[in-house]
Amino acid sequence: MIITEDIKKFITIALRDSQLSGELPRVSFVDIRVEKPRNIEHGDFSTNIPLILARVMNMSPMEIAEKIHKKLDNGIFFSKIEVVNPGFINFTLSNEWLQSSVEEIINSGEKYGDIENLSPKNIQIEFVSVNPTGPLHVGHARGAVLGSTLANILEANGHNVHREYYVNDAGNQMRLFFESLYFRYIQEAGVEIDEPDELYAGGYLISLAKTLYNRFSNIPLGMSKDDAIDYLSPFVLEFILSDIKKTLSKLGVKYDEWFSEKTLLETGYFDSVIKLLDDHQLITQKDGAIWFLGTKLGAGEDTVLVRSGDGGPTYFGTDISYHHQKFVKRKFDQVIDIWGADHHAHISRMKYAMEGLGIDTNRLKIILNQIVHFKSGEETLKFSKRKGVISTIDDLISEVGVDSCRYIFLSRSSESQMDFDLSLAKKQSSENPVFYIQYAHARLCAIQRSAISKGLRANGDVSLLNHKSEINLIRKIIELPSVVAYSGEQLEPHHIAYYAFDLARLLQKFYEECRVISVEKGSSELTASRLKLVEASRITFAKTLLIMGMNAPENM
RNA sequence: GCCCCUGUAGCUCAGCUGGAUAGAGCGAAGGACUUCUAAUCCUUAGGUCACAGGUUCGAAUCCUGUCAGGGGUGCCA
């Protein structure tokens, strides 16, 4: 259950009651908002609905607030509901209700934080989708962490989530890559040939060529360049993809599907979408190329779908058919793409294309993650293998660890450019919030271990949990479903990261002020109750960390 | 030129679907371990929310303009 939703319902009913009884005028529907006041003296939740209604009802906010207040019932939830100037209604949760929720959380177990969704959507989320031309670079880590966490959040929101990696195994970049690789292969065989115009740089290519040569030896040398590439490419793709999969799996990123761009071309799907666009009169031939007439729909410019030179499709071309396929063939209700900031220009083009195909563009959400600057203390890092500076995700993980890495990416909103301080990430100390959160979980586990060894059980009466830091901890614990819901609505994973940190702070406070396992006489009942709070807290930490794709260590 | 993102404490960032006294971590200064994990806790200091207008009962939040930083603006992906 989500407490804020319940409060909204109470207010809605009270408002309707006062309107039916004629105490308040009937006005058109307004969106009731319940928020957490900054100041704890203002209660646990508040609504500003009287202030909003004041204008349309032409009454003073305080008067409206009083009328609504009269119809509100404290019930089991609240110890206090009060009207405050200039027109807020503040709700304070009752200790009884807070206490009882501890048991509810324990009963929910690992399902706590999952939201029962009455209208779940089929959501496809596509992220990373880097060209399979080598190992993943640190620049791609942010999208990977963001995407995988967002997928977890949506799943917790009760949606059916399909995680997908679009393998760009066709197209110009791949051709250039294969030509460079072929060149290195020939070099490896000791034959002199001309360098391709655009040579993919990096030692990776050379070592890959070596691996290939060890396997295929001189066989490809007897073929034409194109035949040799055709011969080698399946092996190369598989080799690189398995590398990428390994890296992502290490980073805690799993996919349901690896979708090949090439299949769009081979199955004729691409051609059929071009035809569809043509049917909508959104296609033209110009300068030997095929163009999408975005300008007809209001776009700033038209875009090429099929190149004039080799007649091959552009990235945008295949991507349109890929997206058409997501919406029309596979019928996803919602599609989420996570792209790097360099894809910015692609967004409006894609939306126009979807619009042109008659697809509601609200079904397509594109999240752009901004650039990451890596630095070490004061020093900004330019990635360079030669200088021994980290450049691949594998390096990053082995240097700072998966959990630290994930948390740092998650604790920034995706739309802001961020600094990733490697020296801070590596520190296993209080400077690093990652360990602060995990430590809280480990501490709870330590308490439970100690309880077990002493034969103590979590079977106390929760009404004994009246200490201020106990109540405050419970308040935070019950927020989890609201946070999951909000993150899911906004498609913003960072709220979870901040929640985890706040939770840890309140847990530490509780730990400091409320000794759980007490040897004092007459305190066994309290110990048994506090052990319940410990379990409820542990469940909450574990869930939060699970959503973020981080470990919940029992020992540190 | 045009489009997008960002500008909040010394640093890194939350808060931005308008609400009550603007928050956190780090860093700085000081303090707390006969205790279930001190990877912890408690104090204190630190702000013209880039700037200027506007809308509003009310603006860090919305609108307009300016400035600064970054990104994009391929028949690359």
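Naming convention: chains lettered A, B, ... in sequence-line order (proteins, then strands); numbering from 1 in each chain.
- A donor atom on one side chain and an acceptor atom on the other are found under 3.5 Å apart for Ser423(A) and Asp421(A).
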Sugar-phosphate or base contact per nucleotide [nucleotides 70-77 of chain B; S, B, -; heavy atom under 4.0 Å]:
BBSS-BBB

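- Between Val372(A) and Arg142(A) the shortest heavy-atom distance is CG2-CD, 3.6 Å.
- For rA14(B), the OP1/OP2 oxygens have a side-chain nitrogen or oxygen of Ser416(A) closer than 4.0 Å.
- Residue contacts shown for Tyr486(A) include a base, since a base heavy atom lies under 4.0 Å away.
- Straight-line distance between the C1' atoms of rC13(B) and rU6(B): roughly 12 Å, to the nearest whole Å.
- The same atom, P, is picked in rC75(B) and in rG7(B); the two are 33 Å apart, to the nearest Å.
- Between Asp302(A) and Lys286(A), the closest heavy-atom pair is OD2-NZ, 4.5 Å.
- Judged by distance alone, the side chains of Tyr322(A) and Glu164(A) do bring a donor and an acceptor atom under 3.5 Å apart.
- For the pair Leu506(A) CG and rA24(B) P, the computed distance is 12 Å after rounding to whole Å.
- Summarising the geometry, the separation between CD1 on Ile447(A) and P on rU40(B) is reported as 16 Å, rounded to the nearest angstrom.
- Across all strands shown, Ser411(A) has heavy atoms under 4.0 Å from sugar-phosphate atoms exclusively, and none from any base.
- Side-chain contact check for His343(A) and Asp337(A): no donor-acceptor pair (N or O, by modelled atom type) lies under 3.5 Å.
- Distance, Met556(A) CE to rU37(B) C1': 10 Å, rounded to whole Å.
- At rC42(B), one or more side-chain N or O atoms of Lys509(A) fall inside 4.0 Å of OP1 or OP2 (strictly under the cut-off).
- rA14(B) atom P lies 20 Å from atom NZ of Lys36(A), rounded to whole Å.
- Scored by the ring pair (Phe, Tyr, Trp, His ring centres under 6.0 Å) test, Phe409(A) finds Phe420(A) as partners (sequence neighbours excluded).
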Summarise protein proximity over nucleotides 18-23 of chain B in one line of letters, 5' to 3': B for base, S for sugar-phosphate only, - for none, counting protein heavy atoms closer than 4.0 Å.
SBBB--

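- Using a 4.0 Å heavy-atom distance criterion, Asp310(A) is classed as making no nucleic acid contact.
- Listed by chain and number, the residues in a side-chain contact (heavy atoms from CB on, under 4.5 Å) with Asn157(A) are Ile115(A), Ile153(A), His159(A), Val484(A), Ala485(A) (sequence neighbours excluded).
- Among the protein residues, Glu492(A) comes within range of no part of the nucleic acid, since none of its heavy atoms lies under 4.0 Å from any strand.
- Between rG19(B) and rA38(B), the distance separating the two C1' atoms is 41 Å to the nearest Å.
- One side chain, Gln448(A) or Glu535(A), offers a donor N or O that lies under 3.5 Å from an acceptor on the other.
- Spacing between atom CD1 of Ile437(A) and atom C1' of rA39(B) amounts to 13 Å, rounded to whole angstrom units.
- Contact annotation: the side chain of Glu126(A) never approaches that of Ile338(A) to less than 4.5 Å [non-hydrogen atoms, C-beta and beyond].
- One atom, CG of Leu410(A), and another, P of rA14(B), lie 12 Å apart when rounded to the nearest Å.
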Which atoms of nucleotides 28-30 of chain B (N or O only) lie under 3.5 Å from a protein N or O atom, and what are those distances?
none

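- Taking atom C1' on both nucleotides, rA24(B) is separated from rU8(B) by 12 Å, rounded to a whole Å.
- Taking atom C1' in both rG15(B) and rA59(B), the straight-line distance is 14 Å, to the nearest Å.
- Among the atoms of the strands shown, none is found under 4.0 Å from any heavy atom of Cys445(A).
- Helical stems involving RNA chain B, defined as 3 or more consecutive Watson-Crick or G-U pairs under 3.5 Å, span B:1-7 with B:67-73, B:10-13 with B:23-26, B:28-32 with B:40-44, B:50-54 with B:62-66.
- Straight-line distance between the P atoms of rA60(B) and rG54(B): roughly 15 Å, to the nearest whole Å.
- For the pair Asn432(A) CG and rC13(B) P, the computed distance is 15 Å after rounding to whole Å.
- Considering OH of Tyr407(A) and CD1 of Ile496(A), their distance stands at 11.0 Å, rounded to 0.5 Å.
- The P atoms of rG25(B) and rA9(B) are separated by 16 Å, rounded to the nearest whole Å.
- Centroid-to-centroid, the aromatic rings of Phe259(A) and Tyr165(A) stay 6.0 Å apart or farther.
- Regarding Arg538(A), its CZ atom lies at a distance of 17 Å from the C1' atom of rU37(B), rounded to whole Å.
- Across rU17(B) and rU61(B), the matching P atoms stand 11 Å from one another, rounded to whole Å.
- Checking Arg515(A) against Ser523(A) by side-chain atom types alone, no donor-acceptor pair falls below 3.5 Å.
- When each of rU12(B), rC41(B), rA24(B) is scored by its nearest atom to the side-chain atoms of Tyr436(A), the top-ranked nucleotide is rC41(B).
- Both tests do not hold together for Arg349(A) against Phe292(A): distance to the six-membered ring centre under 6.0 Å, angle to the ring axis within 45°.
- Between Tyr269(A) and Thr263(A), the closest side-chain pair of non-hydrogen atoms is not below 4.5 Å.
- There is a side-chain donor-acceptor pair under 3.5 Å between Glu492(A) and His495(A).
- Here the CZ atom belonging to Arg412(A) is positioned 8.0 Å from the CG atom belonging to Asp419(A), to the nearest 0.5 angstrom.
- Comparing Ala442(A) and Glu415(A) against RNA chain B, the residue whose closest nucleotide sits nearer the 5' end is Glu415(A).
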